[in-house]
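This is a predicted model, so every value here is computed, not measured.
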Amino acid sequence: MIQAQQVGMKAIGAGLAVGLTGIGTGVAEMGIGAAAVGAIAENKDFFGLGLLFTVIPETIVIFGLVVGLLLLFL
């Protein structure tokens, strides 16, 4: 019984780690993406830097996924 509860709590923790980091990334990209598109519309030379700034928050999801996998398999 206790073993099943521990596995369930690990699964809930892993799901929260991935889900909450996904929500955080979405909120971060909401502002950054809009600003990057606006800056690119004004100056096309900003495309590379704007793309880089848009991709940086997505690393948070990767960290959440790694934490989730560590919770499940360790």
d(Leu16 CG, Met9 CE) to nearest 0.5 Å is 9.5 Å

How long is the span from the CG atom in Leu20 to the CD1 atom in Ile60, to the nearest 0.5 Å? 12.0 Å

Is Leu51 reachable from Phe46 through a run of I, L, V, M, F, W or Y residues, each pair having side-chain heavy atoms under 4.5 Å apart? yes

Tightest non-hydrogen contact, residues Pro57 and Ile32, listed as CG-CD1, 3.6 Å

Between CD1 of Ile56 and CD of Glu58, what distance do you get to the nearest 0.5 Å? 10.5 Å

Nearest 0.5 Å, what's the CD1-NZ distance between Ile40 and Lys44? 9.0 Å

Residues sharing Leu65's hydrophobic cluster, by side-chain heavy-atom contacts under 4.5 Å among ILVMFWY, directly or via others? Val18, Leu69, Leu72, Phe73

Report the hydrophobic cluster partners of Val7, with the cluster defined as I, L, V, M, F, W, Y residues connected by side-chain heavy atoms closer than 4.5 angstrom, directly or transitively. none

Nearest heavy-atom pair of Ala14 and Gly68: which atoms, and what distance? CB-O, 3.5 Å

Which heavy atom in Ala17 sits nearest to a heavy atom in Val67, and how many Å separate them? CB-CG1, 4.2 Å

Rounded to the nearest 0.5 Å, the CZ atom of Phe47 sits from the CG atom of Leu52 at a distance of 11.5 Å

Search all heavy atoms of Leu71 against all heavy atoms of Gly13 and return the closest pair with its distance. CD1-C, 3.7 Å

Give the minimum heavy-atom separation between Val61 and Thr25, together with the two atoms involved. CG2-OG1, 3.0 Å

Non-hydrogen side-chain atoms of Phe63 and Val66 separated by less than 4.5 Å: no

Taking CD in Gln5 as the centre, count heavy atoms belonging to other residues, nucleotides or ligands within less than 6.0 Å. Is the count above 12? yes

